[in-house]
Each structure stands twice: as structure tokens, then as C-alpha cells.
Amino acid sequence: MGALAQQQWQQFEQQLASVLPASRCVRDLARRLAFSTDASFYHKVPKLVLQVATLAELQAIVKLAQSYQIALTFRAAGTSLSGQAISDSVLVMLTPDWQRVEILEQGAAVRLQAGVIGAEANRQLAPLGRKIGPDPASINSCKVAGIAANNASGMCCGVKHNSYHTLQYLSFVLADGTHVDTADAESVQAFRSSHAQLLEQLAALAKQVRDDADFSAAVTQQYRLKNTMGYGLNAFLDFTDPLDILTHLFIGSEGTLGFIESITYRTVAVPAARATGLYLFSSSHAACAVIPALRDSGVDAVEFMDGRSLQSVAHLLAPYTEQQVPAQAVALLIDIGRANEAELQQATTAIGAILAAAKVAAQPLCAFSQDAERSAALWNIRKGLFPAVGAVRASGTTVVIEDVAFPLEQLADAVVDLQQLLLEHGYSEAIIFGHALDGNVHFVFTQSFNTEAEVQRYADFMAAVNHLVTERYRGTLKAEHGTGRNMAPYLYAQWGGKGLALMQRLKQLLDPQGILNPGVILNDDPLAHLQDLKQLPAIAEPVDACIECGFCEPQCPSLNYTLSPRQRIALLRRTQQRSASERAQIERDFQHLGIDSCAATGLCATACPVGINTGEWVQQLRAEQQAQRTLAPAVAKWTQAHLGSSLAIARFALGAGRQLQRFAPALMPQGLPQLPPVAAGEKPSENSRALGTDKAIYFTTCPNRLFGYNSEQGSARSLPATVAELCAKAGIELQLLSHSADHCCGQPWQSKGFPAQATAKREQLEAALWQASEQGRYPVIIDASPCALQLQHAQVKTYELSEFLLSYVAPQLDLTPLLEPLALHVTCSSRHLDNGRALRQLAQLCSSRVVEPPSVKCCGFAGDKGFTTPELNASALAPLARELPAACQHAVSNSRTCEIGLTEHSGRAYQHIAFLLNQISTRSA
């Protein structure tokens, strides 16, 4: 950095202090490295990361950046695949504050702020039978600003339902800091006045395009297929108002023209009736021959999967075929949606006739079915393709996914040629799949960038792909993943000199200093796609398969506090390339950022394409650290051997802490939640254990032996006594496990890095349960979901309490459900056990209006972390109170420690669902 640039940077940072608090200006190397990656195979280390909470902050930052010529890159969720969301200057990220959803016109339109996750928009629209048009594979994690900025489409979206074609209004910020909201007449009028010259220049560019018949035809030809290569020049032909042109140019501009604050979509209808089928063809030509007829019949989606794709997910195909799928075979996954059952039946019959009449008849691996579970299973085959390659890649390699589009009539030949090209360049593991209706195929392969030879192999292959797509088939090099850095050098090959010059002129008009996401879309370096390549060195076997896609992040309670699973892994990978002194500093920082602040509940694994449980990895790191300490193993061994005494000490400490919190709060640690009372030692009465002929063994877990409930929660009785009362109503004899004070599932030791002590304690408990249940004759109840998860593989059949109540108790009771809404928190352990099925069904018996706050996944209390690291719990539950309706005063879950944190941050008294079930039930007549 030259002297002038250094001076400008210093002045920028000085002025920044008046815009953002220091806590949201990330300068430490550890977090900058963690944020240096998106889902692509590139990385750049930002000099500064800014976490922006408001539009006013964003405008002020953009204005400062322009004044001091500082480059900015905007990142939403960082799931982009072509290097759009990385920077070696200033990376601008969104805090959780950008999540406003406004449903308009009874669902016909929806206004979404930049930080709304796509799946959340669809969740809120679902009751109205609507959804947003774009449906990228990353919809459960990508955010609206990214969807629009990349013009992401997806499996059912096609072209007609993408952001460009369903855009109604746009709110954006230009490079000079000007904010425009096209839904606001005053904002539009002010912009037309202040930026009249800009609009005139855009109108002149549009006229230039329209007056050039040959170039207009070339633009039209480019968009006969899916195309996200470069700026959306079709806007110059599709619209005449320069403001309309500008707003549509923002779609797919990848943050290079400005910042998208919010977008209003015209929504699309969700079919009321739907059927899905999977059909196998002998070759690409046989499969592609029927695609035009399928398209004309009005199917919603046709997904193409080549033979190697099918072989990679053989375990998912097993329920449908026992035969080995040949490499030359192709499957089509066909999805049909209609407004009603009659129309759907008519459509499936017609499509069945198309398939039967094909020159080479299709083999139905699964004929059209309306069963939702079967449909989900079939789509999981398709969605499992990308992670299937990632799961088997060699250590140190990355997964590269490219997407191109060919004219539909040439798709079969193009696929065959692409397969041959992959083999010629040594990518024998590569698979091809995609959206057949649009001629859009993805190809996935593994690639090392560790040697010059490997980089050159990739360069040679991409040059060959460019020739195949743009010259031989006149297709598009980027159908839906955006240009990014990866395809920027090929923009001329796709668009020619006139197209490239027009894009350069557009960029100069809107960002004259070139400060917005430089190097993306437009890049003068012909080797830009070979720079800043991401290394994926091995760091630990449990996480080496991570492809850094970011799908895990919405599940992570520490995402907005320290780091996400992806960022933890990325940080340690990038650390290996730093100096010894930097590595030492990062290691010190990682203790809090990566290890101590991780809830280690493994909820990330439920969203990870390759099933990585980062929590288990963090537990391994804790175990390695504990083994190096002198005192810790001895303490762990003592507490394991003297659990009853340990709990007695804890009960005393809890009682004392509760008194201090009441009478001398200044002496208590800051942020500590309100401590609950010590649990009562109440046991089931003899009467409750003498009814009926059924019998169950009840184990009271450590949390419920330690933490009681406040009387104002309506739960003055203990949980064991309440369960006993419920069982008495149902005619079930309840037997407490004897000497339960000495028993534990082992979770406290496991989470803190003492796996040997955890295993010993769990095995001791399993033996006691085996004996008490008379070798599995009677069911065993575990009254905390985390403990039930630890015992799920025990020899004796164990039931998490809500599962037992649903299966054995509720059917024997008369219930009077609540008339008001019921707040429900599904714990991480319940999600692992049965995806929360039992707890949700039990809650639905208690109220017809069950509310699950959508932004809360893991509560972050994580055993005792709610006491030792309360900031984690506070961050994870920050959206809880605002997402609960005011009328929602009853709140339930099935883990006592989670309930403590939920109560603290919601303003409601969360309790185990057993209390509510007991309250609304009577013994069945």
C-alpha cells in the first residue's frame, strides 16, 4: 500500500469511528481469516470487516468509501459459488437486524429485507399458498440480497420466475450513498431530480442497444437460455424507463453496482396437488428426446442426472432398483404441480403416455406418486449429488461446481461432449446433473490447487469448456451461479467486444471510482480465475470433508456471537498458511472464538450436505486440551466417582447463588440468567405407583435433580411428581430408578472433553436401567432430551419423556387444549432424535396454535454454557421475544437447562411440556 493509499485508509478508519461502534468493526486477524471465504474455491483476507445494522450506517459507510477510494464488498450469507463475496479490502456484512418481511396483497407480493433467508420468506407465504419464484439449492441458508444480486434461480424456477422476472420494487443504495426505493413515489421523484443526468445516460445506452439491430439480436440470442454471465443487458431491450432499466440491471450485478436493501417480489402459486416420479433412460439422447414434450406439457421441473451421478448416490437409489446403473444411463426426476387432484391426474396420465411413446421407453424407478415422503426421498436423490462428490474427495482437494446452459435441442450431444472433456482432463469422478427444461447442467469435480501442475490442469480444462460452450454450442458459461471471479476472464468470449464495452460503460456510470466489489464480473486480468485459489489442507478427520458451503450457519447459535461451524473450520485451514507468530496469536483467539463459545450440540450436522458434526470435533479439541492439564482429569475422575456429592455441592451453590442474586446482585457475574430454585426432592406417591397393569421405569436426570421451577410458573411440584401424576391418570405404574443420584448419562463429561469418564458413567447407567427394566421388559423414561440422546443406542429401549407421553400417556387421557397460542422450543437433542416429531405432536395436542419462533434453532444454553458463557445464550435467543405473539403466554420445551435460558430471554416462563399436559388432562372415562 502506497503512502497516499495508507493515508486514505487511516482517514477512512478515523471517520468510521463515528459511524459504527468498535465492537462491529472486526480487525483481529483470526476473524478476518474466518471471514475470508465464501462457498467458492477462492479466498481473500479482508483488511477490515464491518457488521452493519441499519440502512443509515450502510449509506454512511458507502459515502466514506467513496470519499477515500476504499473498495467495498457486500456479503449476505456467503453461499455464492464463483467468488462474489470475498475481499482483500473492506467486507461489509449484515447483522441479524435486516430480516423484515411484509406480505402484501394477500400474498400476491412480498417485500423482503436484505437479510431474510429465502426459506423463511416461503415459510411465511406458505399459509397463503404462495412462494417466491427463485428456489436455489441453498435456499435454507442464502439471503434475499444474495439471491437477487446473483439472480439465483434453481430447480423449479426456470427463467420466468427468477428475480429479474418477478421483481416488483427495489430498494437500493448507489456508490455515492444515495438511497432509492422504487416503491416510494417521493423517493423516486427525488432520485429522478438528483440523478437526472445518470438516467439520461442510461436511456442513451438503451437507445444505442436498440438502434443496433445486430447487437440487439445478439442480446436476445444470449437470453434465449438461462444466463447470468455479466450484467443483464436484456434490461436495455425489455424496458424503456431508465429507472426500470436500472433496477433490473441491479439483479445479477453481484454487488458491483450498489447494495440491495430490500426487494419486493411478485410471488408465485404453490400447486395444491403435486406428483413426483423418477424414470431411467438408456442414454442421454434417449432422455433428452422426451424433454421438449415434457416442457410443452407444463411440468414444473425435470432434473437430469447422468449415470455417474446415479452411481454416486446408489444408497439413496437402493429402495427403487437393485441393478447397477450403467455409466451411460440417465435419469429424469419429473415434478408436476396442478391446481387440483383432477388436473393432476389428467397431467400424470398425459405425461405417462409421453414416456411410454418414447423411442427408447423409460424404466420407471418410481412411478408418479403424490406421497409427500416419497417425493422428498426422490428429491433427496437429486440434492444428494453435490455432497456425494464432496464426501469422497481426496484430502486437500476442493469441490468445483460449474453450471452452463446449452440449446435444448443440442443438450444430449453437449452432455456427451462435456463428459468426454472431463475424462480427457483427468476428472474421472465428475458428475453431470441439472435443470433439463432449461438446458442448464451442472458439472461437479474435485480439484487440488496445491501445485502449479494442478492449477494448469484446471486452466486448460476451463479453456476447453469455454470453447465447447461458447463456440461449438453457442451456450452460456454461467446459467445461474453468476460471473464472479471465476468467469470474469471469459466475459469477452461470451459477449464479444460490444457487449463487454457496454458493461464497462455501465460500471463506469454507476461506480466511477470502481470501489464496489472490484474484480468481480469485470476483470482485466486474463488469469483472474487462477488467482487467490483456496487451499483446503487437512486439519482433523471429522471436518476435512467440509466444502465451506455455509449451509450449516442458520443452525448455529454462535453465528452472530463468535463464529459458525464453517468459519471455525475455515479459520484453522487458513491459519496453516500464516507465520509462526500469527499462528500463535490465532491459537489464543481460537480458544474463545472456536472452542469455548461452541455449543457443541451438533445441530450443524442436520443441515450439512455431508453430515459434518462440528460439535463433535470441538469436543475432541476440548479432550486434547484437557489431557494436557494437570488438575482437570483428576477433578473429572472425582466427580464421576462421587456424582451424588457433586450434585449436593451444586444444589448448595445454586441455593446460595439464588440468594446472592436476590439480595446482592452486584456480586454475581454480569449476564447471568435468573437462577431457578433448587429442585424439590419430591417422589411419586404410593398411590400413583399402584394403578393399572402397565409399568415404566423413570430416570430423573441430573438437570431435573438440580433445577426446580418457580411457583409462579404454575409448576410448584417437581417434574418427577408431575410425570407420576400423569402416569397415574393413564393407569401406568411408575418406578423410579433406585440410587438415581449416583447415575448420569455422561453428557457433562463428554461436552467438557472427558470422553472416558463420560463413557464409563453412561455404561454404568445403562447397566442399571437394564436391570431395573428386567432386561428390557419395561420401557425406560428419560426426562431430559439431551440425556435421552446420549442413551439412544442403549441395549434397553429408552423413551425421551415427551415421546413416552405422546405414545403411552396422552391416548389414555381426556384433553382440553388451550384456546391461546403455545410457544414451543424444539431442542437440538430432539431434532437429532426424531427431528422434533414427538414433541411437536404432543404440543399440537395441547394447543391448536403452536408457535415455533423461526429464527431460533439452538438456544445456545448448551448444558451449563448459559451460566459460564451467557453471551452465547443471549445471542442465540436475541430474536425470541419479538417472534412470539403477545397473546402467547404458555411456553414449553423438554430440557430444563434450555428452559432457563428461554425464560430469561422471552419474558415467558418456559417449562417442561409435561406440566401443561397434566394441567389440561383428566383420566379418560
Side-chain angles (χ1 to χ4, degrees), residues 39 76-82 84 110 112 116-123 125-126 130-167 223 225-229 232 251-252 254 263 265-271 274 276 291 294-295 299-305 309 332-337 375-376 378-387 401-405 408 432-444 476 478-482 484 549-551 554 607 609:
T79 57
S80 51
L81 294 164
S82 299
Q84 295 98 319
V110 62
L112 303 169
V116 176
I117 291 175
E120 173 58 18
N122 285 342
R123 187 196 68 81
L125 287 165
R130 310 292 293 184
K131 65 178 182 176
I132 62 172
D135 62 342
S138 58
I139 196 166
N140 289 325
S141 51
C142 65
K143 297 177 180 177
V144 163
I147 291 174
N150 290 296
N151 199 18
S153 47
M155 288 172 278
C156 297
C157 172
V159 173
K160 66 178 180 178
H161 290 151
N162 64 16
S163 293
Y164 181 92
H165 287 101
T166 57
L167 168 67
Y223 288 100
L225 304 175
K226 267 188 180 180
N227 188 354
T228 59
M229 190 71 174
I251 303 301
E254 302 176 28
I263 184 171
Y265 283 116
R266 294 188 300 275
T267 63
V268 299
V270 177
R274 178 184 170 205
T276 311
I291 293 173
L294 293 175
R295 178 192 57 194
V299 296
D300 282 24
V302 177
E303 291 296 297
F304 177 102
M305 295 173 276
S309 294
L332 296 181
L333 176 65
I334 307 170
D335 204 87
I336 315 166
S375 175
L378 293 175
W379 276 103
N380 283 339
I381 292 173
R382 161 61 180 85
K383 293 175 181 178
L385 297 178
F386 179 39
I401 180 170
E402 291 293 354
D403 79 303
V404 297
L408 188 54
I432 299 176
F433 58 90
H435 319 311
L437 295 178
D438 301 301
N440 174 200
V441 294
H442 306 303
F443 50 101
V444 182
T476 55
K478 277 296 182 181
E480 58 181 3
H481 292 171
C549 65
F551 285 14

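Side chains of T476 and V404 form no contact here, defined as non-hydrogen atoms less than 4.5 Å apart. Side-chain atoms of L437 and V299, non-hydrogen and from C-beta on, do get closer than 4.5 Å to each other. Annotation: side chain of L408 is in contact with side chain of I291 (closest heavy-atom distance under 4.5 Å). Residues S163 and Y265 have side chains in contact (heavy-atom distance under 4.5 Å, counting atoms from C-beta outward). Looking at heavy atoms from C-beta onward, M305 lies in side-chain contact with L333 at the 4.5 angstrom threshold. The shortest distance between side-chain heavy atoms of P609 and C549 falls below 4.5 Å. Between V268 and H161, the closest side-chain pair of non-hydrogen atoms falls below 4.5 Å. Contact check for E120 versus L112: no side-chain heavy atoms found under the 4.5 Å cut-off.
Taking every heavy atom of both residues into account, P134 and A152 meet most closely at CB-O, 3.4 Å. Heavy atoms only, all atoms of each residue included: S141 and G550 are closest at CB-O, 3.9 Å. Nearest heavy-atom pair, D135 versus C156, reported as atom, atom and distance to 0.1 Å: OD2-N, 2.8 Å. Contact between V159 and K226 at its shortest, heavy atoms only, is CG2-CG, 3.6 Å. Across all their heavy atoms, P554 and N140 have their closest contact at CG-O, 3.6 Å. Considering every non-hydrogen atom in both M155 and A301, the closest pair reads O-CB, 3.6 Å.
Distance check, rounded to the nearest 0.5 Å: CD1 of I251 to NE2 of H165 gives 11.5 Å. To the nearest 0.5 Å, the span separating SG on C142 from CD1 on I147 amounts to 3.5 Å. Note that the CD1 atom of I432 and the CZ atom of F443 stand 8.0 Å from one another [nearest 0.5 Å]. Rounded to the nearest 0.5 Å, atoms CZ (F433) and CZ (F386) are 7.5 Å apart. Atom-to-atom distance recorded for L378:CG and D335:CG is 9.5 Å, nearest 0.5 angstrom. L294 contributes atom CG, which lies 5.0 Å from atom CD1 of I334 (distance to the nearest 0.5 angstrom).
Proximity of a side-chain donor or acceptor of R130 to a complementary backbone N or O of T267 within less than 3.5 Å is detected. Checked by atom type and distance alone, the side chain of N227 never pairs as donor or acceptor with a backbone atom of Y223 at under 3.5 Å.
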I'd like to know whether E480 forms a side-chain contact (heavy atoms from CB on, under 4.5 Å) with N440, so could you lay out the CA-CA distance, the side-chain angles of the two residues, the decisive distance to 0.1 Å, and finally the verdict. CA-CA 8 Å; E480 58 181 3; N440 174 200; 3.4 Å; yes
Evaluation steps, side-chain contact (heavy atoms from CB on, under 4.5 Å), between L81 and I401: CA-CA 8 Å; L81 294 164; I401 180 170; 3.9 Å; yes
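Each of D403, T228, N150 was evaluated against H481; a single residue qualifies, D403, per the side chain to side chain donor-acceptor pair (under 3.5 Å) test. When each of I263, I132, V144 is paired with V110, the side-chain contact (heavy atoms from CB on, under 4.5 Å) condition holds for I132 and for no other.
In this structure, a donor-acceptor pair under 3.5 Å is present between the side chains of E303 and H435.
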